[in-house]
Enquirer: 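Have a look at the structure that comes next, please.
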Amino acid sequence: MLDMFPYPSGAGLHVGHPEGYTATDILSRYKVMRGFQVLHPMGWDAFGLPAEQYAITTGVHPEVTTKKAIDNFRRQLQRFGFMYDWSREFATIDPDYYRWTQWIWLLAYGSWFDPAVQAARPIAQLESRLAAEDRIIETAPGVQTRWSACSRRQRQAHLDSFRLAYLGTQTVNWCAKLGTVLANEEVIDGRSERGGHPVVRMPLRQWMFRITAYADRLLADLARVDWPDSTRTMQTEWIGRSEGAEIRFVVDGEREPLTVFTTRPDTIFGATYMVVAPEHPLVQRAIARGASADLSAYVAWARNRSDVERQESKKKSGIATGLCAVNPATGQRIPIWTADYVLMGYGTGAIMAVPGHDERDFEFAQAFTLPIVQVVEIDGVPWTGEAATTGDGTSVNSADRTSGLQLNGMRTAEAKRAVIAWLEARGAGSLRVQYRLRDWLFSRQRYWGEPFPVVFDAEGNHYPIGDGALPVRLPPLADSNPVESDTPQPPLAKAREWVMTTAGEAGVDPSLLPASTPVTRETNTMPGWAGSCWYYLRYCSPKCGSAFVDPEAERYWMGKNGVDLYVGGSEHAVLHLLYARFWHKMLFDLGHVGTVEPMARLFHQGLVTSYAYQRADRSLVPVDEVEERGDGTFTERASGERVVQIVAKMSKSLRNVVNPDDVIAEYGADTFRLYEMYMGPLEASKPWNTRDIAGVFRFLQRVWRLAIDERDGSLLLARTANADVERQLARTIHKVGQDIERLAFNTAIASLIELVNAATRPTEMKDPADGGLTREQMDRFLRVLAPFAPHLAEELWKRLGESGSICVAHWPTVDASLLEDQTVELPVQVQGKVRARITVPAGADAGEVERIALADGKVRALLGGKTPRKVIVVPRRMVNLVLEG
RNA sequence: GCGGGUGUGGCGGAAUUGGCAGACGCGCUGGAUUUAGGUUCCAGUGGGGCAACCCGUACAGGUUCAAGUCCUGUCACCCGCACCA
């Protein structure tokens, strides 16, 4: 039973945190009572940006603030009475934990993805295979060398290009003033969102994960897990698999052909021009050869436009490169343009533009008056030439005698196959699968993260640090502020004695590098995701010193399918859950875990929102500036203006944030737990309404008075069991059990309330022992109440004289005969409207029910002597009499 | 723009499979207890109508003996993605 572990912020627990935690706590307690071994742990995701930002503004070291925040979170969580196994607690910042995060990274570093088996394998296997077969490899662009003839350096470079954790180059938003890389959303008009400092886009060499190698498996295995459809859809779209073709176009004056990716190879006859991304090497070469000043100006302008800006204005911009390619289907020469609507990061960074059947290409062709031709007759969409027509149809104008390609009359799918076969035959292209998913950028220019266990020699070659030297501890740094610089300088670079070391001191295998060799440590750190990628495994054996998880503990707790239930917010639907799946699959391939997927079942709890108020102009008013009037309307206190109540996210500015500590102080933890579970379905987002808490609070008081005489604190128990109460108790036990299993806590609580209302003694009752529950009934009732309100249940349990904790009591069994009624009341409908009610034996069959219904006085009066045309009887549900006409 | 989801009393919500719409809670109304307020207990509470009855699950249609639930279209809100070739 797993909760997404929290990032302990300085602000303390939010009412949203206990939502999911209470749900798993109830289910855990229930499962324990049912005799299961339950592992329900808690820990801390503690590396990351907020603590570092806080350190930059206040000068307090992140370790200090983080530890303080953890202590506060733990204190707060413990007040809720969550049954966590605190002996398994850890934080991602513990060196004993991040030692293994580093170890897993080294595992990826030392592995490659073998396409033949579609799985990760040790890179040593690749190396011995290359040596055994004396394979020919490319040692420089266009230079082929035999493995045996390669230098050690060349071999290493070749192997490096296969590692699952590798050094790659990515374009980042670098802000020199802030000394950091910014996310796309943090860049506005080429300046930083905070401070307005200039931001440049520059390539940066950083550690990457080859997650794209796993794209197909990450996609296919979504079918094996019991996860919300929305999340699986989001991951599917994130991976973004699309099938198409790679086509090579010959370019005038270029040795290399221009390769494009297209999902519509069938429209090749309609390709009237080509477009490459401004960053495309072809453009670089053209500029280097001294192309027009306009071209280099455009490229410079486009390069500094952030992705966000590009999205804002979809107006097409671009410029001709002056180069021409040959359309292999038509033999015609077509111009090559560059435009920023083509992204370097997707496909090959180049497209064949088919303006007749692609909206973007159409827009571009119109803006720059390029030719537009129709090559597909789309089903049901007439060709007007006024707009691109998209979708499947039949190829037209698609034949050329010289090239020998003929598609006319073919359906789209058939035409695609024909073009690919034709391309393959002439060596001009092939079938290709393309993913939207990119490799995972894993370096951050930050202090507060796991250091990479890797060092560099003077020439910049990298060497892994041996397992024995782990953890590579984060050096203490008095000043972890970012460095203002034109080139990225991570804060760790300031720890000079730590950075400058020797291979021996760092722990590099002496067979790789002599111990005395001076080396520098990697100064980037891992991103916040690292620690959360495998924490669930560590809980199985949190103290294990010999492995990241003890294999036996892993087999026992992870079982066949992984974590039985994982509860957390849907904001992690893609990244965290995709990354964790990727690490897990890697660990699986290399034999370190026994399940293909980490989480068998996933559930997203909804957001706890709050009320806010809105003026007529839609501006928001903080909660404490509004008062409610007697007629249920709301006005702004200062102006007297009428405002309307809306539901909004809790925020400091609206002053509608609820602090769990305050609620517990006023009503207690049980009330808090019960209220959050009673608000509505776990998966729904729902507004916190302080006024409603009174309802569940009253319920718990009523439970107390049901068992305890308030005047003297003595037990109040019924002498004899009331048959109706006993029947309802049995049904409640049954329903609560069922509802807990399907995480429907709101309806479980409603049935507990109903039971208590039914058993409550009326005030006028002379002898309290005439009402309420018997000792034995109270005993059973407390057991089903316990998962929801453990404190109250435990106290009453002790007062009943029971020994031991109610936590380990057994879930009560139910006499099945009490769940069924002897007789049932059925509505009788005439023409679909309820007109009468009849009472029939519970086991009555359709014929018997019909007889009783037709014999009923009220029914006969309604029929007025007529015979129904049709009688529909649904046993135990209803009767419907259908008359003529 | 594309994909997914949601729409039920004054409010949060219930209706597990097409079968009595509104369980349960809040709020509100009335009563009992109390010197009083609060608490507690009891009763009522979708709208209309004196009533029999009629209307009612975002809106408009449809399927069915029967629709909150299934189908078609529309609107509103929420979430995700977004020039992905």
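Every chain is numbered from 1, with letters handed out A, B, ... down the list of sequences.
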Enquirer: Output the rounded distance in Å from CG (Asp361(A)) to C1' (rA85(B)).
Expert: 7 Å

Enquirer: Using Watson-Crick or G-U wobble geometry with both distances below 3.5 Å, tell me the partner of rU57(B), or none.
Expert: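 Across all strands, not a single nucleotide pairs with rU57(B).
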
Enquirer: Nearest to the Arg877(A) side chain among rG19(B), rA85(B), rA15(B), which nucleotide is it?
Expert: rG19(B)

Enquirer: Paired with rU45(B): which nucleotide, if any, by Watson-Crick or G-U wobble criteria at under 3.5 Å for both distances?
Expert: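 rU45(B) is paired, partner rG27(B).
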
Enquirer: Taking a pair as Watson-Crick or G-U wobble with both distances under 3.5 Å, which nucleotide is matched to rC50(B)?
Expert: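 Here rC50(B) is not engaged in any pair, so there is no nucleotide opposite it.
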
Enquirer: Can you tell me which residue among Val419(A), Thr390(A), Val375(A), Val376(A) is in a side-chain contact (heavy atoms from CB on, under 4.5 Å) with Arg264(A)?
Expert: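 Running side-chain contact (heavy atoms from CB on, under 4.5 Å) over Val419(A), Thr390(A), Val375(A), Val376(A) with Arg264(A) returns exactly one hit, Val376(A).
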
Enquirer: Salt bridge between Lys735(A) and Glu754(A), side-chain N to carboxylate O under 4.0 Å?
Expert: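 Between Glu754(A) and Lys735(A) there is no salt bridge, as every charged N stays at least 4.0 Å from the carboxylate O atoms.
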
Enquirer: Is it true that Lys858(A) and Asp856(A) have a side-chain N and a carboxylate O under 4.0 angstrom from each other?
Expert: no

Enquirer: Is it the case that the base of rC20(B) and the side chain of Arg837(A) share a donor-acceptor contact (distance under 3.5 Å, atom types as modelled)?
Expert: yes

Enquirer: Strictly by Watson-Crick or wobble contacts shorter than 3.5 Å, is anything paired with rA76(B), and which nucleotide is it?
Expert: rU6(B)

Enquirer: Need one value for Ile872(A): base, sugar-phosphate or nothing, where a base atom within 4.0 Å counts as base even if backbone is also close, heavy atoms only.
Expert: base

Enquirer: Can you tell me which nucleotide in rG13(B), rA85(B), rC83(B) comes closest to the side chain of Val342(A)?
Expert: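 Closest nucleotide among those given: rA85(B).
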
Enquirer: Does one side chain, of Tyr678(A) or Asp692(A), offer a donor that lies under 3.5 Å from an acceptor on the other?
Expert: no

Enquirer: For the side chain of Lys833(A), counting heavy atoms from C-beta on, which of rG25(B), rC41(B), rC55(B) is nearest?
Expert: rC55(B)

Enquirer: For Asp358(A), which contact category applies under a 4.0 Å heavy-atom criterion: base, sugar-phosphate, or nothing?
Expert: nothing

Enquirer: Quick one: does Asp692(A) reach the base of rC26(B) with a side-chain donor-acceptor pair under 3.5 Å?
Expert: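 Flag unset: no donor-acceptor pair detected.
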
Enquirer: Of all the nucleotides listed (rC41(B), rC24(B), rG19(B)), which has the minimum atom distance to the side chain of Arg705(A)?
Expert: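 Nearest listed nucleotide: rC41(B).
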
Enquirer: Within a 6.0 Å radius of atom CZ on Arg877(A), are there more than 12 heavy atoms belonging to other residues, nucleotides or ligands?
Expert: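 No - once you tally the heavy atoms of other residues, nucleotides and ligands closer than 6.0 Å, there are 12 at most.
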
Enquirer: Is there a Watson-Crick or G-U wobble partner for rU63(B) with both distances under 3.5 Å, and if so, which one is it?
Expert: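 Pairing partner, where one exists within any strand: none, as none qualifies.
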
Enquirer: May I have the distance from His604(A) (atom NE2) to rU6(B) (atom P), rounded to whole angstrom?
Expert: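 Between P of rU6(B) and NE2 of His604(A): 15 Å.
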
Enquirer: Using the side-chain heavy atoms of Thr747(A), tell me which of these nucleotides is nearest: rG12(B), rC20(B), rA15(B).
Expert: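 It is rA15(B).
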
Enquirer: Please classify rG56(B) as syn or anti, treating any glycosidic angle within 90° of 0 as syn.
Expert: anti

Enquirer: Sort out the partner of rG1(B) for me: Watson-Crick or G-U wobble, both distances under 3.5 Å, none otherwise.
Expert: rC81(B)

Enquirer: Can you find a side chain N or O atom of Tyr678(A) that sits less than 4.0 Å from OP1 or OP2 on rG25(B)?
Expert: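 No, because none of the side-chain N or O atoms of Tyr678(A) sits under 4.0 Å from OP1 or OP2 of rG25(B).
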
Enquirer: Is Arg438(A) touching bases, backbone alone, or none of the nucleic acid, heavy atoms closer than 4.0 Å?
Expert: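 Result for Arg438(A) = base.
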
